[in-house]
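What follows is a set of notes on a single structure, which appears directly below.
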Amino acid sequence: MSEIITPALVSLDEPLGTDKRAVIDALAARVAATGRASDGAALAADVWKREQTDETGLPGGIAIPHAKSPAVREATLAFARLTPGVDFGAPDGPADLVFLIAAPDTAAEEHLAVLSRLARAFMRDDFTAGLRAATSPDDVVALVQAAVSDEPTAAAAAAGAAAPGAAAADGAPAVATNLVVDGRPARIVAVTACATGIAHTFMAADALTAAGQKAGVDLVVEPQGSSGYKALPQSVIDDADAVIFAVDVDVRDQQRFAGKPVVRVPVKKGIEQPEQLIDEAVAAVGDPLAPRVSGNADTAAAARAEGGGSGVGGAVKRSLLTGVSYMIPFVAGGGLLIALGFLLGGYEIAFNADDVLGSATLGNLGDTSLLVYLGAVLFKIGSLSFGFLVPALAGYIAYGLADRPGIAPGFVAGAVASFMGAGFLGGIVGGLLAGLAAWWLNSLDVPRWLRGLMPVVIIPLLGSIFASGLLLMVLGGPIAWLTQALNDWLSGLTGAGVIILGIILGLMMCFDLGGPVNKVAYAFATGNLAAGIAGDERYLQIMAAVMGAGMVPPLAMALASTVIDRKLFTEPERENGKAAWLLGAAFITEGAIPFAAADVFRVIPAMMAGGAVTGALSMAFGVTSKAPHGGVFVFFAIDNFWLWLVAIAAGTVVAAFAVVALKRFAHRRPAETVTSGAEGVPSAVATA
């Protein structure tokens, strides 16, 4: 680890060029000259590609061009102190301290951890001052070795000890009025992550932590780097008032933060503007229109209370939500494309799209009309998108369990499930098997020489053999039989049976407003939509019932809070109600979450009653939908559209009047009288 930098990789006050490309080329050439890279030009190209994506200049005259590259043989640092500085895109001007960070594309975790410690050192004034005062390359090497060592330097330890002492002498930092929530310092959790997970991730974490200490707020950061990450305790997340996501990539296991007000920015803003992000996060706490992390906080909390927050059970639940959430874009995009194909080419396009595309082109339509041709194009793109439905579901379930190593075996297992006719049930089983296998393989303590091959060769190979082999040889047949039995049961439903199915689906869609139960009902509908489009109208009826019931909660809360009885709702809730009209019309069930979060025991039962009415009426009316999403805006894909609106309106009215009645008359007897203000209104802690 101590050889990550040598004097030969240090340049002090030498002319390396007048622009950042020249500096990058010169430092990459030094790396290659020491034998640490096979090709300096290839390394420079990879670093430059990363630089063009997002400039690496940072406040304080620092730049950290970096990349993972197959040309790199071992993790390496090259350093240049420039006179004069060169512009790397920092907001405060040119950089005079430049570190080129070169990591192999299969870098071992210990190398990435070393580079991460260096990134944290950039945020220390004593480290950068030492680099500027260095008189020889050996001085720089000594500073860097001390920064990346497992034990902090004496200077760093002294600096770390001095800060608490000063705080104790002066008392706790004064907290600005705008950073106080309910009379106490705001509680904020943050996640930082960049594309490479080496430098910006940890610098942003340290910048936010320092800004939080300075502001006097309670701020805890979870850096999600390439060397792994330690998840924040769920209790800390639950107690937080708001979330900051300073990320350039997806937040891992985002469902943990469901329902929290969120500020989402690129990771560099976490480095450059941490104070501003804290201000925005605290302001979001009191803003009913502020963005929130998608998902249902109440459902997540209930799952954790039942033991689902940790352990295998919790991981499985979270992975299922992950799989469904990543599957939805394939379903929504593909379904809408198919619906547009029907609009332009007629419903018979489902049976002759291949013939149309095989005989006609845009420049030579022949006997085919332009509208039919365009309809065939849209239908074909949509149906191909639908082909990814089960593989995407399985792949991202595995990703939710094992992170990136699970994706390949998960997708393969999903493809096998489709091949065997096991449908979305097979995709769920295959994704869980692949994810658990990948997670176990990734947890093995393998020799260092093998570690780099694990995520790119060993885990995809063995995980695919295990999960897909089990599906092909053992589990696929029974699951396919179960799927067929479910289809046969649906085909036998008539009369009251169809209405009961609609009631069940309506209850599920409104039970947790976008949570796991809602997702199960939605996945059932969308997972069979392709069969519906192929001619089985039962599944089109299920899709219409599910979408209609999912529209009820936001529409009902909008009706109750803005029309029926405004006085029962707070001013923020009335503002939310105005927005909920549009959210409900577009089938965004989560539009009712702010209302449920404030009064779950009255809102949820009322919404379930309305959803059951809509689901039952939609099935009774025989409404069909060829679109999986969009609400009233995909009217062209819904047969019996006006009857569908009647079903939605009936459920909305039932739910709205039910929630108003429950708010007026359903009270728990307070354990003790707690008054608020002159009117003596019982507070929220004393009533349901």
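With a 4.5 Å cut-off on side-chain heavy atoms, M619 and I542 count as touching. V293 is listed as a side-chain neighbour of F245, based on a closest heavy-atom distance under 4.5 Å. Residues L555 and W581 have side chains in contact (heavy-atom distance under 4.5 Å, counting atoms from C-beta outward). Residues F257 and V243 meet the side-chain proximity criterion, which asks for heavy atoms closer than 4.5 Å.
Taking both residues in full, the closest heavy atoms of G427 and V390 are given as CA-CG1, 3.7 Å, listed atom of the first, atom of the second, then distance. The shortest heavy-atom contact between I407 and Y396 is CD1-CE2, 4.4 Å. Nearest heavy-atom pair, A650 versus L617, reported as atom, atom and distance to 0.1 Å: CB-CD1, 3.6 Å. The nearest pair of heavy atoms linking I397 to G431 is CG2-C, 3.7 Å. What you find for G610 and V552 is that their closest heavy atoms are C-CG1, 4.0 Å. Minimum interatomic distance between G611 and A549 (heavy atoms only, all atoms of both residues): O-CB, 3.8 Å.
Between the CE atom in M543 and the CD1 atom in I638 there is a gap of 9.5 Å [rounded to 0.5 Å]. Atoms CG and CZ, on L277 and R264 in that order, are 13.0 Å from each other to the nearest 0.5 Å. Atom CZ of F657 sits about 11.5 Å away from atom OG1 of T652, to the nearest 0.5 Å. Taking CG of L433 as the start and CG of L401 as the end, the distance is 10.0 Å to the nearest 0.5 Å. Atom CZ of F379 is separated from atom CG of L374 by 15.0 Å, given to the nearest 0.5 angstrom. Atoms CD1 and CD, from I188 and E280 in turn, are 11.0 Å apart once rounded to the nearest 0.5 Å.
W644 and S625 are not linked by any side-chain donor-acceptor pair at a separation below 3.5 angstrom, with hydrogens and angles left out of the test.
Judged purely by atom type and a 3.5 angstrom limit, E222 uses its side chain to pair as donor or acceptor with the backbone of L232. The closest donor-acceptor contact from the side chain of R574 to the backbone of F569 lies under 3.5 Å. Using a distance-only test at 3.5 Å, with no hydrogens or angles considered, no donor-acceptor pair links the side chain of S618 to the main chain of T614. Checked by atom type and distance alone, the side chain of R187 never pairs as donor or acceptor with a backbone atom of D241 at under 3.5 Å.
The aromatic rings of Y522 and F587 lie tilted to each other, with the angle between the two planes from 30° to 60°.
For F388, the CZ atom is loosely surrounded, since the number of other residues' heavy atoms within 6.0 Å does not exceed 12. For F641, the CZ atom is densely surrounded, since the number of other residues' heavy atoms within 6.0 Å is greater than 12.
The existence of a salt bridge linking D565 and K663 is excluded, since no basic side-chain nitrogen approaches an acidic carboxylate oxygen closer than 4.0 Å.
When M509, M551, Q541 are each tested for a side-chain contact (heavy atoms from CB on, under 4.5 Å) with V546, only one passes: M509.
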